[in-house]
Undergrad: 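Below are the C-alpha cells for one structure; questions will follow.
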Amino acid sequence: MPKSDPEKGEKVLRNRIQKAVEDAYKQGVVEGVLPDVSLPASHQVVPTKQEVHGDFASNLAMITASEAKRSPRELAGCLAKILEPNPIFHKVDVAGPGFLNFFVTTTWWQENLCTIWEAGDSYGESGAGNGRLVQVEFVSANPTGPLHVGHGRGAAVGDSLARVLKAAGFSVEREYYINDIGNQMRTLGASVYLRYLEYFGQEVEFPKEYYQGDYIRDIASGIASGEGDKYLDMTQESCLTFFIDTAVKIIASDIRKDLEEFGVRYDNWFSEKTLHESGLVDRTISELQDKGYMFEEQGALWFRATALGDEKDRVVKRSNGVLTYFASDIAYHRHKLERGYDLLVDIWGADHHGYVARVKAAIKALSYKEDKLQVLLVQLVNLLEGGKIKAMSTRAGEFVTLREVLDDVGSDAARFIFLTRRCDSHLDFDLDLARSQSQENPVYYVQYAHARLSSVFRNAGEQEISLAEPQDIDVSLLNTSEDIKLLKQLDVFPRLVADAALALEPYRVSYYLTELAGQLHGYYTRHRFITDDPDLTQARLLLADVTRRVFRKGLGLLGVSAPEKMCKRSQGTASALLSDT
RNA sequence: GCCCCCGUAGCUCAGGGGAUAGAGCACAGGAUUCCUAAUCCUGGUGUCGCAUGUUCGAAUCAUGCCGGGGGCACCA
C-alpha cells in the first residue's frame, strides 16, 4: 500500500490536469502538429456533469479554434494523442464540439481515500479564507417580542454561514445588534405599563398600535408580582424607563434562549444604546458634516446618499431633533469597520433591501470600500399546513413563533429545511413535511445515512473487528462502480465547503449531503461493509469511516445533529400551532 | 412611475457560458434468509416566461417586453 501523497486532493488534481493540457499544447507546437497561438486565459478544466464525459473536461480546443483556424475536434484530437500516455488518465476522449474528456484512473481515487482519512476530523476544512476576519451579523430582531419563523431562517442561514466560513479558513464572529432605543422601545414600555395597570384592575384604553401579544401581559404580571404596585402612583413618563429596560431585558433573554435552543450562539450582543451613550453617533454625524456629506433642509439634517449611489438622500435627524435609526446604522457600521474586520456580512430580511444602497453609501462616505459589506437578503418564509399557507399577521400578536416551530418539528428538521434553498428564494416551510418522521422528510434521509454507518461500526465492534491502519489496507478492493462514485463524491467535499464560503451560500452543503446520502444508501443496499473476506471488510470499513466523518462534519456545518441511531421522537402536537386561528 | 429579486417537469426547487437541462415530492409497480426498509430499484413529463442581440456554443450574459413578490416616508 503506497503512502498517502500530499500532492493529492481534488484541487491539486484539477490544477495538474490543466497544466498538463497546456503543456501538451506547447509540446504540440514544438512538434509542429499544432499552430502557434497564445493560450487563452479562459482555458478551464472543469468537473463534468455526466459520467460518460469522464471526470474532467477541457475546453481548450474550442476556444483556440478560431485563432488557430483549425476545427476544434481536430485540435482536440492532437492534444488527446499527446495526453493519452499520462499515467493519471486511463483514457482521454474527444467528444461533442471539441471537448477533451479525461478519465482519471481508479487507482488515483482509491489511494486518495487514504489521504482523506489522514486529514481526520479536519477533512473538509481549507485555507480558502486565509485567516481573514469576518463578522456575520444576523437576526438582530428588535426586542419587542418573540422571534418568529422568518427570524428562524435568518438564524439558520447566518449561523451555518459562520460555520462554513470558519471551516474554509476564515476567522468568524457572530453578532446580534439590539435596537434598544427609540420609538419602538417607548411603545414597548408603554404597552407593558398599560398591562401593568390592567393587572391591578385599572380600566385602560389599549391603543391599536401598541404590542398586543400575550407576552406583554406576562411581563407586566411578572413585574407586578416582583415589584408590587409601587408604580401605580407614578406617572407613566417617570417610570417608563423602568418598564422599557425590564421588558427589553426579559424579551432579549427569551430571544437568546430560543436561539440557543436552535443551536445559535453569539460572540457579541451589541447594544444600539451604547452607540449613543458613547457619543459615536453624534461624532460620526459631525465628521460626515465636515466632509460635506450632510445638508440641512426644512429643518432636518440629511445625508447626501445620492452622491454615493443611492437613489435618494436620507434623513439623519428629523426636524423635531430626533435622530433616525439610519443615524445609528451609520455609526454602527463605522464601529464595526473600525474593529478591523476584513469583511462584514449583514443578513437582513428581504423587505429591508431598500436599505442596502444607503448603508453602502454611508460606508463609502466613511472612506471605506463598499465591498467591505456584503448584505444577504433572506426571503420570506411561507408556513404551510395541510397544503395551505398559514397567513401571519404581524400585528395583533398573531404569528407563529420560532419556539412553537421548534417544539413542533425539532431543531434539526427546522434548520435543515431553512438551509435547503438559496436565501434569496421564497421558502415554503411545510409543517406536515417537517413533522413527518419518515420518507419525505429530507433531514432524516441524511441523518439516517450517518446512523446506518454508525450501526455498521457497532456491529463490527460486536464482532471484534476494528479498523486497521490505512497503509495496511488494500484499497484496490474498492472497485465497484458504487465505490468509485462514493470516492469521487467524498473528494469534492473540501472544495464544496470552500466554494460555499466564498459565495456565502451555506445551502450548498445541504445539497451535497443529500446527494452523498443517496449514494451511501444505494451502496448500502447493494454491498455489505462487513463481509466474509477480512481484506474486503477492512477496505470497506475504511470507506465507511471516512464517509461517516464527512456526514458528521457536513451536518455540523448546518448545525444539525449526526445521530448514531435514529429514534422516533414523541409526536409534536399540531394543535399547538393552530392556537391563533 | 422608479429600483431589487424571482419565472426551469403536475408541485417545491437545483443548475447561473459548454455536451442529450437535473433532484426531491406526488403517481404506479417491484425489492427484506444477511450491518436499521426513516432504505433501494424501475417507469415520463419540459416553448428553461416571450423576443431580439452577444459567440464556436445561451436555461445561463445584454437589452426590451409579459407575469409574480418586495422596496420606494422627517417609519422601523
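Here is how names work: the chains are called A, B, and so on, in the same order as the sequence lines, proteins then strands, and each is numbered from 1.
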Undergrad: Using a 4.0 Å heavy-atom cut-off, does A:Q298 contact any base of the nucleic acid, only the sugar-phosphate backbone, or nothing at all?
TA: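 It contacts base atoms.
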Undergrad: Would you please enumerate the stems RNA chain B participates in, each stem being three or more consecutive Watson-Crick or G-U wobble pairs with both distances under 3.5 Å?
TA: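 In RNA chain B, stems of three or more pairs: B:1-7 with B:66-72, B:10-13 with B:22-25, B:27-31 with B:39-43, B:49-53 with B:61-65.
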Undergrad: Quick check: are there more than 12 heavy atoms from other residues, nucleotides or ligands sitting under 6.0 Å from CG of A:D533?
TA: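 Yes, enclosed.
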Undergrad: Please classify the nucleic acid contact of A:I63 as base, sugar-phosphate, or nothing, using heavy-atom distances under 4.0 Å.
TA: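 Base contact - A:I63 has a heavy atom under 4.0 Å of at least one base atom.
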Undergrad: Near RNA chain B, under 4.0 Å by heavy atom, which residues of residues 529-545 of chain A?
TA: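 Contacts with RNA chain B under 4.0 Å: A:F529, A:I530.
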Undergrad: Answer with base, sugar-phosphate or nothing: what part of the nucleic acid does A:K312 contact at a heavy-atom distance below 4.0 Å?
TA: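 Here A:K312 touches the backbone only, sparing every base.
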Undergrad: Considering only atom P, compute the distance from B:C4 to B:U63 and round it to an integer number of Å.
TA: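 Each nucleotide's P atom is 10 Å from the other's.
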Undergrad: Using a 4.0 Å heavy-atom cut-off across all strands, classify A:N59 as base, sugar-phosphate, or nothing.
TA: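 It contacts base atoms.
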Undergrad: Sort me out a list of protein N/O and nucleotides 4-11 of chain B N/O pairs below 3.5 Å, or just none if empty.
TA:
from, atom 1, to, atom 2, distance (Å)
B:C5, O2', A:D424, O, 3.4

Undergrad: Output one letter per nucleotide in nucleotides 59-64 of chain B: B when a protein non-hydrogen atom lies under 4.0 Å from the base, S when only the sugar-phosphate is that close, - when neither is.
TA: B-----
Undergrad: Cation-pi check, A:R508 to A:Y511: give yes when NZ or CZ is under 6.0 Å from the six-membered ring centre and within 45° of the ring axis, no otherwise.
TA: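 Checked: cation-pi criterion not met.
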Undergrad: Ignoring hydrogens and angles, write down the donor-acceptor pairs under 3.5 Å from the side chains of residues 411-419 of chain A, residues two or more places apart or on other chains.
TA:
from, atom 1, to, atom 2, distance (Å)
A:D412, OD1, A:S561, N, 3.1
A:D412, OD2, A:Q447, NE2, 3.0
A:D412, OD2, A:S561, OG, 2.5
A:R415, NE, A:L558, O, 3.0
A:R415, NH1, A:D159, OD2, 3.3
A:R415, NH1, A:F262, O, 2.6
A:R415, NH2, A:D159, OD2, 2.6
A:R415, NH2, A:L558, O, 3.4

Undergrad: Can you find a donor-acceptor N/O pair under 3.5 angstrom joining the side chain of A:N101 to the base of B:A19?
TA: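 Such a pair is found, so the answer is yes.
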Undergrad: If you measure from the ring centre of A:Y511 to the centre of the six-membered ring in the base of B:A14, is it under 5.5 Å, with the planes under 30° apart?
TA: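 Base of B:A14: not stacked against A:Y511.
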Undergrad: Hey, can you tell me if A:W269 and A:Y176 have their rings parallel, tilted or perpendicular (30° and 60° cut-offs)?
TA: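 Parallel, since the angle between the ring planes stays under 30°.
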Undergrad: Walk me through whether A:F493 and A:L516 qualify under side-chain contact (heavy atoms from CB on, under 4.5 Å).
TA: CA-CA 10 Å; A:F493 186 52; A:L516 184 65; over 6 Å; no
Undergrad: Between the protein and nucleotides 30-34 of chain B, which nitrogen or oxygen pairs come in under 3.5 angstrom?
TA:
from, atom 1, to, atom 2, distance (Å)
B:C34, O2', A:R528, NH1, 2.7
B:C34, O2', A:R528, NH2, 3.0

Undergrad: If you check the A:Y507 side chain, which of B:U39, B:A38, B:A14 turns out closest?
TA: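 Of the options given, the side chain of A:Y507 lies nearest B:A14.
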